[in-house]
Amino acid sequence: MVGEEGAFVLGWDEVLTEEELSTTLKVLCMSEEEFKEYKEQDGWEDDSEEEENSPLSYEALSRLKTPCKKLLHDSVVLTLESYGSDLKAEQDLLNNKEAYEKLSPREQQALHVRYGQKRILHQLLELVN
C-alpha cells in the first residue's frame, strides 16, 4: 500500500502521497468484516465515496475520523522518537551561531533537513490532536 520505501511523503500544506495514505488509513481503520467486504467488492480502484477522491490537504486531515487521527498521531510520535534529538534541540543549534558554524557544510544541511522534517511532523500532530 505504501510503495517500496514504506513511507508517506508530507509537504508543508498537504500529503504528497495522498492516495497511498488515504487507502492505508481506510484499510487499517476497518474492522475485519469491513475489510473482507471491501476486498470482495473489488473496491480498491472503483471506490466512489466522495471522501476517497478528495485531496488530503492538512485541513482535510484535521477532519478525519477519530481512529484515523489516532493512527496518524501514533505514527508521527513513533517517527519523532526515531530521531536522536527533538525539535527544540535542532532550533537551539540553528540559533546558536557559534555552534552552528562549527558544523561541516554537510552537517549544517542535515540539520536543516531534520529541522524541516520535524516541523512538518509537529504541524501534523497539531492537526490530528
Could you tell me whether K36 and E40 have a side-chain N and a carboxylate O separated by less than 4.0 Å? no
Working to the nearest 0.5 Å, report the span between CH2 of W12 and CD1 of I120. 4.5 Å
Does any part of the side chain of L64, heavy atoms only, come nearer than 4.5 Å to the side chain of L72, both counted from C-beta? yes
Close side-chain approach of L111 to R114, heavy-atom, < 4.5 Å: yes
Closest heavy-atom pair and its distance - T24, E20: OG1-O, 2.7 Å
On a heavy-atom basis, which atom in M30 and which in F35 lie closest, and how many Å separate them? SD-CA, 3.6 Å
How many angstroms lie between CG in L21 and CG in L10, if you round to the nearest 0.5 Å? 7.5 Å
How about CG on D13, more than 12 heavy atoms from neighbouring residues, nucleotides or ligands closer than 6.0 Å, or not? no
Minimum-distance pair of heavy atoms, taken over all atoms of H112 and L94: CE1-CD2, 3.5 Å
Show, in sequence, the C-alpha distance, side-chain angles and deciding distance for V77 and L125, and conclude whether the side-chain contact (heavy atoms from CB on, under 4.5 Å) test is met. CA-CA 8 Å; V77 168; L125 270 182; 4.0 Å; yes
Shortest non-hydrogen separation from Y115 to Q91 and the atoms involved: OH-NE2, 3.5 Å
About how many Å separate CZ of R63 and CG of L127, when rounded to the nearest 0.5 Å? 11.0 Å
Could you pull out the closest heavy-atom pair between H73 and N129, with the gap in Å? CD2-OD1, 3.1 Å
For L93 and A99, which heavy atoms make the closest approach, and how far apart are they? CD1-CB, 3.6 Å
Ignoring hydrogens and angles, state whether a donor on the side chain of Y83 or Q117 is under 3.5 Å from an acceptor on the partner side chain. yes
